[in-house]
Amino acid sequence: MKHLTVIIIPIIMMLYGCDDKKELSDLIVVGNIYKHTGAGISVTVREGVFPVTGLDVRVNDYVLQEYGYTKGLYSISQNTMPIESGVEFNLEIVYGENLVTATTTLPDTIFKIITPQENDVHPGSMPMEVVWNRSDVNARYVVFVQEIFPEMTNTRHLTNVLQDTSYTIPASVFNDTGFFTIQIFAVHDGMYYPREIFYGINSNVEPDVVGFFGAHVQRIVRIHVE
């Protein structure tokens, strides 16, 4: 159990300024390198439910900028920093007197969906087998199905983390007619996909910080259910 410690600081030290000693026990770091239609890196930092702002966050010495509308979210795009497979990405966060670190790599981009193909027609209320090629020996996979409307999307199915390179989507997912997207993610260490997917595979943030710094490559096809 943690105990609250009250520290009285002399006025003279306050006049000259000092850094608060931040505790790592409540820190949560979730970071992801991604490459699909675009590429970049995003890292969220929180103390419990509260975002942590104003931090020095870097990957391979590139400084991530804090996103203006979402506090505690730091990001960089491929326009500023190269995002490629086979490169070791080292995250560093200065948090008070602590240096928080993590390392990951991007899955191999040879990863592709074999079936279904773009604009395939699928009979309603029938299961669908999805097949893809393996990215690399360290990759794991997530299958995500969305129903597409003109004004919105609707999440219909989301798997756990898979090791195989095939998966059968249940028939009940396709009980409406219209357009659907089949999205498959090849993942290293963990993946963060805004508002939809938040999976940790390896707790690789040090020293002993809750969260992960992972990477994913996404592939997507659109099908028509009739």
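- In this view, F50 satisfies the side-chain contact (heavy atoms from CB on, under 4.5 Å) rule with no residue, not counting sequence neighbours.
- Linking ILVMFWY side-chain heavy atoms closer than 4.5 Å, directly or via other members, places I41 and Y192 in two distinct hydrophobic clusters.
- A donor atom on one side chain and an acceptor atom on the other are not found under 3.5 Å apart for S85 and D108.
- A salt bridge between D176 and R156 is present, with a side-chain N of the basic residue lying under 4.0 Å from a carboxylate O of the acidic one.
- For the residue pair E118 and R222, the shortest heavy atom distance occurs at OE1-N, 3.0 Å.
- Residue F213 holds its CZ atom at 8.5 Å from CD1 of I93, rounded to the nearest 0.5 Å.
- Between the side chains of H224 and N119, no donor N or O sits under 3.5 Å from an acceptor N or O.
- Aromatic ring centroids of F198 and Y193 lie 6.0 Å or more apart.
- Just one of I220, V221, V130 meets the side chain to side chain contact (heavy atoms under 4.5 Å, CB included) condition when paired with I184; it is V130.
- Linking ILVMFWY residues whenever their side-chain heavy atoms come closer than 4.5 Å, directly or via other members, leaves V57 and I28 in distinct clusters.
- Members clustered with F179: I148, by chain and number, using a 4.5 Å side-chain heavy-atom cutoff among hydrophobic residues.
- Here the CG-CD1 distance, from L64 to I76, works out to 5.0 Å after rounding to the nearest 0.5 Å.
- Minimum interatomic distance between P82 and Y62 (heavy atoms only, all atoms of both residues): CD-OH, 3.7 Å.
- Nearest heavy atom pair, residue T115 against residue I113, reads O-CG2, 3.6 Å.
- There is no path of hydrophobic side-chain contacts, each under 4.5 Å, that joins F89 to F185.
- Take E84 and apply the side-chain contact (heavy atoms from CB on, under 4.5 Å) test, not counting sequence neighbours, and it matches K35, V87.
- Between the CG atom of L73 and the CZ atom of R46 there is a distance of 9.0 Å, given to the nearest 0.5 Å.
- The two residues E92 and T101 come nearest to each other via the heavy atoms CG-CG2, 4.3 Å.
- Contact annotation: the side chain of L24 approaches that of P207 to within less than 4.5 Å [non-hydrogen atoms, C-beta and beyond].
- Atom CD1 of I182 and atom CZ of F144 lie 10.5 Å apart (nearest 0.5 Å).
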Checking side-chain contact (heavy atoms from CB on, under 4.5 Å) for the pair V187/I201: CA distance, chi angles, key distance, verdict? CA-CA 9 Å; V187 185; I201 298 174; 3.7 Å; yes

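- Around the CZ atom of F149, the shell of radius 6.0 Å holds more than 12 heavy atoms that belong to other residues, nucleotides or ligands.
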Can you check side-chain contact (heavy atoms from CB on, under 4.5 Å) on N60 and M81, steps first, answer last? CA-CA 9 Å; N60 293 1; M81 177 182 179; 4.0 Å; yes

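- Applying the side-chain hydrogen bond (donor to acceptor under 3.5 Å, both in side chains) test to Y95 and every residue at least two apart in sequence or in another chain returns E47.
- The two residues I83 and Y34 have their closest heavy-atom pair at CG2-O, 4.0 Å.
- Applying the side chain to side chain donor-acceptor pair (under 3.5 Å) test to every pair with at least one member in residues 134-144, sequence neighbours left out, gives these pairs: D136-H188.
- In this structure, CD on E226 lies 13.5 Å from CZ on F174, to the nearest 0.5 angstrom.
- A donor atom on one side chain and an acceptor atom on the other are found under 3.5 Å apart for Q183 and T181.
- Residues N90 and T103 have side chains that bring a donor and an acceptor to within less than 3.5 angstrom of each other.
- At distances below 3.5 Å, not a single donor-acceptor pair connects side-chain atoms of D189 with backbone N or O atoms of F212.
- Judged by distance alone, with hydrogens and angles left aside, the side-chain atoms of Y74 form a donor-acceptor pair with the main-chain N or O of G54 at under 3.5 Å.
- The minimum heavy-atom distance between T105 and E88, with the atom names listed, is CG2-CA, 4.0 Å.
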Donor-acceptor pairs under 3.5 angstrom involving side-chain atoms of residues 161-172: please list them, not counting sequence neighbours.
| unit_1 | atom_1 | unit_2 | atom_2 | d |
| --- | --- | --- | --- | --- |
| Y167 | OH | H157 | NE2 | 2.8 |

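- Within the 4.5 Å cutoff, the side chain of L27 has no heavy atoms near those of the V210 side chain.
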Under the side-chain contact (heavy atoms from CB on, under 4.5 Å) rule, what do T155 and T153 come out as? Steps first, then yes or no, please. CA-CA 7 Å; T155 298; T153 59; over 6 Å; no

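- Residues V145 and V225 share a single hydrophobic cluster, defined by chaining ILVMFWY side chains whose heavy atoms lie under 4.5 Å apart.
- When the side chains of ILVMFWY residues are joined at heavy-atom separations under 4.5 Å, either directly or via intervening members, V43 and V205 end up in a single hydrophobic cluster.
- Remark: N133 CG to R219 CZ distance equals 9.0 Å, nearest 0.5 Å.
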